[in-house]
Amino acid sequence: MSTVKRLKAILLPGLVFQSTIIGGGYASGRELVEFFLQYGPVAGYFGFILTFCIFALVLIVSFEFARITNSYDYKTFFQHLLGHLWFLYELFFFITLMIVVSVCSSLAGGIIAYSTGQNEIFGMIVFICIVTLASSLGTERIETFMGFWSVALYGTYFIFFMYGVKPINITNNDIFYSLPNNNDWLNGATTFAVSSLAAMPVILFSLRSLDSSCYSIAAGFSASLLAIMPGLAFYTVMLGYYPEIIDDTVPLTRILIEIDSQLLCRIFPLIIFGTLIETCSALLHTFNERLSVASNKNISSEKRATITLFLLIITVFIADNAGFIYLINKGYRVISWLFYALFFVPLFTRGIKLIFLKKLSKT
């Protein structure tokens, strides 16, 4: 395998994974408040360590399971993992898709409203149009777009960190010294990690280059690192505005106003908006691919666009009526428990058993 192909095998799953989870995971900063910062600054850092460990463990096992069973779409993956009950994941994936896309639609509308002065509904309509176009593209174009956009995303987060981070006067604020006095942070970090990992089946199409267990381990570890680093940088910036930032619906807005950099205030919302498009395009592309497999024929671009448009209109209605904070607080906890039952438990029982049986049959 050439060097380029080796790097693709190791890095592409991580780039797709982080692109998928940032939009619905922590692009606004509200998610970081709900699952990390509200438990205290130190507890939040502990939560990030736990999240990274959960990411790494689950992704490594998932990647290896996908590799040995040749499961590069979620139907095949869950037929091997759940057997005759695989259809239950179909229902779960649809619920996850609707919740995450609703969160992204709501945030996208807010970004357009912040950047242009228009109302949020106008922003959601613009978002619908772009995602409908993007999701009709083929797998290779989506992979290429995610790869290039990820580079832009990391560069922007680095600039955001350099501009946004500011000294914290911890000498007069004992809360920065205090360790967590309960285990609530464990629940918050676990909920975030498990709900974020619901995006794992979306990246199965990017695992075809894995040809050994070593690559599965390397790809799982790098994906965990790539996914957690922007969130950790964002969290560190947010500490400079603690505790007032906890009450903000979109903490990102406060930080951009405080930074008062015209360049960053224009670039960062654009990059986040593009990342939301990535997240939704990946989810909807996976859904369209599943329909294509079910119908035993390739779905045309026009039909993909029609299906995407229909689903996006529903999610905009959900986002407009449920509210951004409610979707994150309640919706992600629903995803977490369903994912735990339908993926986490089977993966570390039946999944690991199948991995070992496959390896034993080859020796």
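Counting only heavy atoms from C-beta outward, the side chains of Y89 and K75 never approach each other to under 4.5 Å. Taking 4.5 Å as the limit, some side-chain heavy atom of F48 sits within range of a side-chain heavy atom of F36. Between V61 and I355 the shortest side-chain heavy-atom distance falls below 4.5 Å. Within the 4.5 Å cutoff, the side chain of F161 has no heavy atoms near those of the P230 side chain. Looking at L37 and L32, their side chains never come closer than 4.5 Å, going by heavy atoms from C-beta outward. Looking at heavy atoms from C-beta onward, T51 lies out of side-chain contact with I54 at the 4.5 angstrom threshold. Looking only at side-chain heavy atoms (C-beta outward), D248 and Y241 stay at 4.5 Å or farther from each other. Contact annotation: the side chain of L81 approaches that of F343 to within less than 4.5 Å [non-hydrogen atoms, C-beta and beyond].
Remark: Y45 pairs with Y235 by the ring pair (Phe, Tyr, Trp, His ring centres under 6.0 Å) rule, at least two apart or across chains.
For the atom pair CD (E64) and OG1 (T69), the distance works out to 9.5 Å, reported to the nearest 0.5 Å.
Residues T76 and D73 have side chains that bring a donor and an acceptor to within less than 3.5 angstrom of each other.
With I203 as the fixed residue, the side chain to side chain contact (heavy atoms under 4.5 Å, CB included) test singles out one of L15, V16, L12: V16. Each of F17, F63, F221 was evaluated against F55; a single residue qualifies, F17, per the ring-ring contact (aromatic ring centres under 6.0 Å, His included) test.
Annotation for F348: atom CZ counts as buried by contact number, over 12 foreign heavy atoms lying within 6.0 Å. When the shell of 6.0 Å around OH of Y340 is examined, it contains 12 or fewer heavy atoms from other residues, nucleotides or ligands.
Here the closest non-hydrogen pair linking T191 and S195 is O-OG, 2.8 Å. Considering all non-hydrogen atoms of both residues, M200 and F77 come closest at CE-CZ, 3.9 Å.
Checked by atom type and distance alone, the side chain of S222 never pairs as donor or acceptor with a backbone atom of L11 at under 3.5 Å. At distances below 3.5 Å, not a single donor-acceptor pair connects side-chain atoms of R350 with backbone N or O atoms of V345.
The hydrophobic cluster containing L270, built from Ile/Leu/Val/Met/Phe/Trp/Tyr side-chain heavy atoms closer than 4.5 Å, comprises no other residue. Hydrophobic cluster membership for I217: I60 (Ile, Leu, Val, Met, Phe, Trp, Tyr linked by side-chain heavy atoms under 4.5 Å, directly or transitively).
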Worksheet entry | Chi angles and distances behind the side-chain contact (heavy atoms from CB on, under 4.5 Å) call for S62, L347 | CA-CA 7 Å; S62 300; L347 182 67; 3.3 Å; yes
Discussion item. Would R30 and F35 count as a side-chain contact (heavy atoms from CB on, under 4.5 Å) here? Give the steps.
Written reply: CA-CA 9 Å; R30 187 65 220 174; F35 301 114; over 6 Å; no
